[in-house]
Amino acid sequence: MTERFDALVISKTDEDKSQSVAWTSLTLDDLMEGDVTVRVRHTTMNYKDALAITGKSPVVRRYPMIPGIDFAGEVVQSSDPEFSPGDEVILNGWGVGETHMGGYSRYARVRGKWLLKTPEGLSGADCMAVGTAGYTAALCVERLRVLGVTADRGKILVTGAAGGVGSFAIALLAQLGYSVTASTGRPDESAYLTELGASEIIDRAEFSDKGRPLGKERFAGAIDSVGSHTLASVIAQIGYGGSVAACGLAQGFDLPTTVMPFILRGVTLAGVDSVMAPRETRINAWSLVSSTIDRTVLQKITQTANLDDVTDFADDMLAGKIRGRVLLTVG
Ligand code: NDP
């Protein structure tokens, strides 16, 4: 196939001080090795994509690179026996958009073992509205459940509430019967957070200072996508035997905490990674999403744009100005 198509390409040579980002006309020969080629129909913007496009963090580890850590589309060529042309598939992570060319393109060529068939009950567009952010929120919820944080144990705190991970964490927890406290820096989004299922909304400033090693036992568990002082302060306010699922660093990657909550209250800090999560774990997380999130909630969380406009969203995302998720349609 000699069809030409446009992809967003990040380039940098050894001599370049900074990277350049440009729409570039490619053919399939320009893509990297893989056993399945996918016609991308939908993709999305994640925090990591914003870092890659702006170059604010060393997310891209190979140049030239097509960013886009997620995509959904249709198989057009496959030498993997698991997939045939016409199959609807999704991909989240595995280094795609970082070390392997990603989803901001009409075509992607990847390893079949990175792909999942589109989960039952969801379309490719639904899956990209959820994206890595929503799938990670599901991984966090699963982690809390495995650690015994059940709905009857008390309130669950969600930080970075109006962001992608936060929005889905609230919606999933609320649907599962948990009482959810949303921590946000955007009080004007209170109505949105309440609609998703938060029963209490608090100002994130409560968690932004370096707090005391131990605070009042306010929460049975937490899902944190913010890191830094916020995570430290959250850990200090978890009740006896509670757990925190930590997945993000929107405030920073430091963690100025003490051992006190761990050794005096038996608190568990559980790290959650979506990129290299095993296939079975992914299937469980997607199944939780498809059985829990209804279409009205998905619509509330999602805004839709064309892939051509993706770069417009990057700075806003890093500034914490995007509410929920951005679904991108690939023409
Ligand atoms: P978003 O930008 O959509 O949301 C982040 C939210 O964090 C913002 O909406 C804001 O919420 C809050 N926030 C932003 N800056 C600050 C700050 N300086 N101090 C306190 N709160 C802040 O990003 P995502 O939800 O998509 O991702 C969140 C984090 O999770 C990122 O760090 C991302 O890299 C990470 N992540 C990790 C994954 C993994 O595999 N471990 C997978 C997916 C994401 P509000 O306005 O409500 O306060």
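Excluded from the calculations below are hydrogen atoms, water molecules and symmetry mates; all remaining heavy atoms, backbone and side chain alike, are included. Both counts, for ligands and for their atoms, begin at 1 and track the order of listing.
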Asker: Thinking salt bridges, do Asp80 and Lys113 make one under a 4.0 Å N-O criterion?
Answerer: no
Asker: Is the closest heavy-atom distance from Asn46 to ligand 1 below 4.0 Å?
Answerer: no
Asker: Just by modelled atom types, is the Val297 backbone N or O under 3.5 Å from a matching donor or acceptor in the Asp294 side chain?
Answerer: yes
Asker: Apply the test salt bridge (Lys or Arg N to Asp or Glu O under 4.0 Å) to residues Glu98 and Arg61: give CA-CA distance (whole Å), side-chain angles for both, the deciding distance (0.1 Å), then the verdict.
Answerer: CA-CA 6 Å; Glu98 302 179 61; Arg61 277 164 287 140; 2.7 Å; yes
Asker: Please work out which of Ala245, Ala137, Gly160 has its closest non-hydrogen atom nearest to atom 11 (O) of ligand 1.
Answerer: Gly160
Asker: Does Leu288 offer a backbone N or O that forms a donor-acceptor pair with the side chain of Ser291 under 3.5 Å?
Answerer: yes
Asker: Walk me through whether Val9 and Ile66 qualify under side chain to side chain contact (heavy atoms under 4.5 Å, CB included).
Answerer: CA-CA 5 Å; Val9 176; Ile66 302 174; 4.3 Å; yes
Asker: Using distance alone, decide if ligand 1 has a nitrogen or oxygen within less than 3.5 Å of any nitrogen or oxygen in Leu249.
Answerer: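 There is such a contact, yes.
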Asker: Answer yes or no: does an N/O atom from Gly185 fall short of 3.5 Å to an N/O atom of ligand 1?
Answerer: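 Min N/O separation from ligand 1 is below 3.5 Å for Gly185.
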Asker: May I ask which of Lys321, Arg204, Arg323, Lys48 has a heavy atom nearer to atom 10 (C) of ligand 1 than the others do?
Answerer: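 Selected option, by shortest heavy-atom distance: Arg204.
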Asker: If hydrogens are left out, which of Ser274, Gly164, Pro187 has an atom nearest to atom 3 (O) of ligand 1, that is, the closest non-hydrogen atom?
Answerer: Gly164
Asker: Enumerate the atoms of ligand 1 whose separation from the nearest heavy atom of Met317 is less than 4.0 angstrom.
Answerer: 1 (P), 2 (O), 3 (O)
Asker: Could you identify the single nearest non-hydrogen protein atom to atom 30 (O) of ligand 1 and state the distance to 0.1 Å?
Answerer: Gly248 CA, 3.4 Å
Asker: Looking only at protein heavy atoms, identify the closest one to atom 29 (C) of ligand 1 and say how far it is in Å.
Answerer: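 That would be Ser225 O, 3.3 Å.
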Asker: Answer yes or no: does an N/O atom from Thr184 fall short of 3.5 Å to an N/O atom of ligand 1?
Answerer: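 Yes, there is a polar N/O contact under 3.5 Å.
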Asker: When you measure from atom 38 (C) of ligand 1 to every protein heavy atom, which one gives the shortest distance, and what is it?
Answerer: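 The closest one turns out to be Cys247 O, 3.6 Å.
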Asker: For atom 14 (C) of ligand 1, what is the closest protein heavy atom, and at what distance to 0.1 Å?
Answerer: Ala250 CB, 3.7 Å
Asker: Does a salt bridge link Glu206 with Arg218, judged by any charged N lying under 4.0 Å from a carboxylate O?
Answerer: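 Salt bridge: yes.
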Asker: Which residue and non-hydrogen atom of the protein lie closest to atom 4 (O) of ligand 1, and at what distance in Å?
Answerer: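 It is Gly163 CA, 3.2 Å.
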Asker: Among all protein heavy atoms, pick out the one at the shortest distance from atom 9 (O) of ligand 1; state its residue, atom name and that distance to 0.1 Å.
Answerer: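 In this structure, atom 9 (O) of ligand 1 has Arg186 NH2, 2.8 Å as its nearest protein heavy atom.
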Asker: Under 4.0 Å, heavy-atom basis, I'd like to know which part of Val272 is in contact with ligand 1: side chain, backbone, both or neither.
Answerer: backbone
Asker: Please state which protein non-hydrogen atom is closest to atom 42 (C) of ligand 1 and give its distance, to 0.1 Å?
Answerer: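 Scanning the protein heavy atoms, the shortest distance from atom 42 (C) of ligand 1 goes to Thr136 OG1, 3.1 Å.
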Asker: Considering distance alone, does some N or O of Val165 sit under 3.5 Å from an N or O of ligand 1?
Answerer: yes
Asker: Asn46 side chain to Lys48 main-chain N or O, any donor-acceptor pair under 3.5 Å?
Answerer: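 Not a single qualifying donor-acceptor pair exists.
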Asker: Please report which non-hydrogen protein atom sits nearest to atom 34 (O) of ligand 1, along with the residue it belongs to and the distance in Å to one decimal place.
Answerer: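 For this ligand atom, the closest protein heavy atom is Tyr47 CD2, 3.4 Å.
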